[in-house]
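A quick write-up on the structure given underneath.
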Amino acid sequence: MNTKAKAFLSGLIVLIGLFAAACPERKSIADIEANPSKYQNKEVAVAGVVQDSYGINIPLTNIRGGVYKVSDGTGSIWIVTENSVPAKGTQIGVKGRVQNGVNWNGKNYGLGIMENDRRYRKTK
């Protein structure tokens, strides 16, 4: 194998390693609830089904956001979003930062996650 190919493969391996290290580890909600201080201000990923959702979205303005509760079978947790909220029953994956005492618009929702990203389960 020539030097250019070795350098390319080495760089590719380092890039994949950095990308994998940047992705948050998927956790069960029970793990987060059992030890919230361990996850405080850390980014985690959870997946489950939306149990409740409350939000506002005013068309033609930047006014939107809300909260929704995700259950993964081990527990449930509130997710705070600045985007539109998903519908009840939606299967979803959420990435965000764990906060103890999440406050949004002056209302405290206890232990929760501030959403950074979300993914919907693909349907067949």
(Q) Less than 4.5 Å apart, side chain to side chain, heavy atoms only: is that true for Arg118 and Thr81? (A) yes
Across all chains, not counting sequence neighbours, the side chain to side chain contact (heavy atoms under 4.5 Å, CB included) partners of Ala34 are none
Can you tell if the side chain of Val98 reaches within under 4.5 Å of the side chain of Pro36, non-hydrogen atoms only?
no
Residue set satisfying salt bridge (charged side-chain N to carboxylate O under 4.0 Å, His left out) with Lys27, at least two apart, ordered chain then number -> Glu25
Residue set satisfying side chain to side chain contact (heavy atoms under 4.5 Å, CB included) with Ser84, at least two apart, ordered chain then number -> Asn57
Note: Ser71 and Gln51 closest approach over all heavy atoms is CB-CG, 3.5 Å
Ser37 meets the side chain to side chain contact (heavy atoms under 4.5 Å, CB included) criterion, sequence neighbours left out, with Asn35
In short, Thr74 meets Ser28 closest at the heavy-atom pair OG1-CB, 3.8 Å
Asp117 meets the salt bridge (charged side-chain N to carboxylate O under 4.0 Å, His left out) criterion, sequence neighbours left out, with Arg119
Exercise. Side chains of Ile113 and Glu115: does their closest heavy-atom pair fall under 4.5 Å?
Worked result: no
With sequence neighbours left out, the residues meeting side chain to side chain contact (heavy atoms under 4.5 Å, CB included) with Ile58 are Ile56, Thr61, Ile63
query = Would you say Ile92 and Tyr68 make side-chain contact, with heavy atoms under 4.5 Å?
reply = yes
In terms of heavy-atom contacts, Val50 and Pro86 come closest through CG2-CG, 3.8 Å
